[in-house]
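Proteins get letters first, then strands, A, B, ... in listed order; numbering begins at 1 in each.
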2 protein chains.
Amino acid sequence: MSLVLGGKSAGRVSPATAQAVRDAAERLGYRPNLAARTLRLGSTRTVLLIVPTLTAPFFGDVYRGAARVAAEHGFGIVAYPWPDDAGPADSPFAAPHEAIDGILASSLAADVASEFRDTPVVMLDSDPEGHGSAARPMPAVLFDVADGMRAVTAHLADLGHRRIGHVAASIDQWTFHARGEALATAVRALPGGSYTRTSGALDVGSARDAAGLLLDRPDRPTALVCDDDLIAAGAYKAARARGLDVPGDVSVTGFDDVQLATALEPELTTVRLPAEALGAEGMTALLTLLKGGDPRPRSLPGELIIRASTAPPARGSG
Amino acid sequence: MSLVLGGKSAGRVSPATAQAVRDAAERLGYRPNLAARTLRLGSTRTVLLIVPTLTAPFFGDVYRGAARVAAEHGFGIVAYPWPDDAGPADSPFAAPHEAIDGILASSLAADVASEFRDTPVVMLDSDPEGHGSAARPMPAVLFDVADGMRAVTAHLADLGHRRIGHVAASIDQWTFHARGEALATAVRALPGGSYTRTSGALDVGSARDAAGLLLDRPDRPTALVCDDDLIAAGAYKAARARGLDVPGDVSVTGFDDVQLATALEPELTTVRLPAEALGAEGMTALLTLLKGGDPRPRSLPGELIIRASTAPPARGSG
DNA sequence: CTGTTAGCGCCTTCAT
DNA sequence: ATGAAGGCGCTAACAG
């Protein structure tokens, strides 16, 4: 009968019959029942993309990239926004667990990964090292944030900066840990380089206060490297509140290149991350994993976008 | 046997047996199979939340609100980011259609709603009137954007503004049409009020150019009302490029109160929309719809947040 | 080459 | 108060 619709008709049913069946199906508005198929096959051909609400600007691009390669393989993707303030405690996985074949977990806190022990998972922009009791590295696709931070440092060094302040995000995510380490290393490797650091929550007010601490030091940094673009907006405010010009008196850099970067005045020098590629590579890795393969780790380079928030340090302060 | 797990054991199985079964289930790591249950019941207890990628700032809050009331009724929610630039043409509904019980469609373009003729749907912040061939109003929960625009107008009028320019988003969404109409009406109702308007795409550059057109007019408006916060950022840029101070020379207002509003300098006067409530009310309406009821339309008021981007017009220009 | 059948795991009905 | 059985719609294996 309707095994035509499965696409298995090749060499089974006569083309004419096949067409007739298809026509009838179309006419009656027939739709294959997903639940029955899932029950029979034992797989849903659906993967769950977990994103943190807070870091959402990317989300659309990551989804698009993942959805594209998923579609090419007959998979669908649904998104789940992980509550920002939630540890692994309140796992909302009542339903999904049985309803999906795999998980793409983007930018999660270090220890939530342990939630999905029994479902294939690829970490995106997240700590590949397993945390908690049974530490075991997991497949991952990362942004090469270290390379991005080195590019930022090199750019500032070229301009003549040596005293560099880091306004960090006090968020327990791999990406921020990696950003901080890479920056500290790069600045300290600079001849005469000095690295100072404060941190705050991921909102404008906290970032302003954190940046202010750095700007009030006697040996005030000539450049503020911020963990992301929103923090950079806070740094702008701190500078302005002290009558300091950006970039005349302090250079400021961001990270991520979200829309905010060009909304600010002056426009922000920042690092653009290939979010869509992250989603696509992640889905590719998950597909490999589901086929029993062992996806090799990938790291996607960012791109330094130089705008108007960086300039040579004022004379006498460098 | 395991009908204990269905919670139907009350008055059927002895408590001791029930407990024994539950223990065994726990020990063996038993999980009910979702696909089988779905097949049997014919419902998935899952609803799809469709959000536009572009207007995503809200998304997290809408989801949270919807998920909360969904969970209270044993429903789960998955998110689907609708491609911004897509009309109804490339419907990606191959899979979801059969896998869900209902749809919450947020901030969609006017004509995409016709896609889901055969699935219960509640429109969020979207045109409740059916478009296309078979126009039929659909259940909806809206933001009372008209009220918000009236509040903006009243605030500006109180400050002494009469010549008000509207920097509109040229996006075919109910919310923007409604914002525009409400503003035009409110301004024209003002004694001596004059309303002028330009529009552009939803990005900073386009908004800057659009706002610039207004600022270059001989009878330059003393206040620029923007369709959303991002557009307001563009208006700031246009003003600054012309040596005009905000709010000294031009007042600027936004809409939505996203994070950007406080990242800008000066901080933006805007209208805060209750996104979480939108999600919650929407889910409640959908639940009613699924039970065969007829949810009554709701409209959720916003709140004018007065910050530093509005001030009385400069003397001689009002 | 084509049609028939068993059974995926669950819930509901009916028989004990 | 408990156990047995049918069937949801699909696909893969098998019989014709």
ask   = Under 4.0 Å between a side-chain N/O of B/Arg40 and OP1 or OP2 of C/dT12, yes or no?
value = no

Nearest to side-chain heavy atoms of B/Leu41, which nucleotide of C/dT12, C/dG9, D/dT11 = C/dT12

Would you list the atom pairs, donor with acceptor, under 3.5 Å between side chains in residues 278-289 of chain B and any protein atom, with sequence neighbours excluded?
from     : atom 1 : to       : atom 2 : distance (Å)
B/Glu281 : OE1    : B/Arg298 : NE     : 3.1
B/Glu281 : OE2    : B/Arg298 : NH2    : 3.0
B/Thr284 : OG1    : B/Ala280 : O      : 2.9
B/Thr288 : OG1    : B/Thr284 : O      : 3.0

inquiry  = Please report the distance, rounded to the nearest Å, between CZ in A/Arg37 and C1' in C/dG9.
reply    = 18 Å

request  = Would you mind reading off the distance between B/Asn33 atom CG and D/dG9 atom P, rounded to a whole angstrom?
outcome  = 17 Å

Inter-residue atom distance A/Thr44.OG1 - A/Phe75.CZ, 0.5 Å rounding = 7.5 Å

task = Rounded to the nearest angstrom, tell me the gap between atom CG in B/Leu34 and atom P in C/dC11.
result = 10 Å

query = Heavy-atom distance under 4.5 Å between the side chains of A/Val62 and A/Leu49, does that happen here?
reply = yes

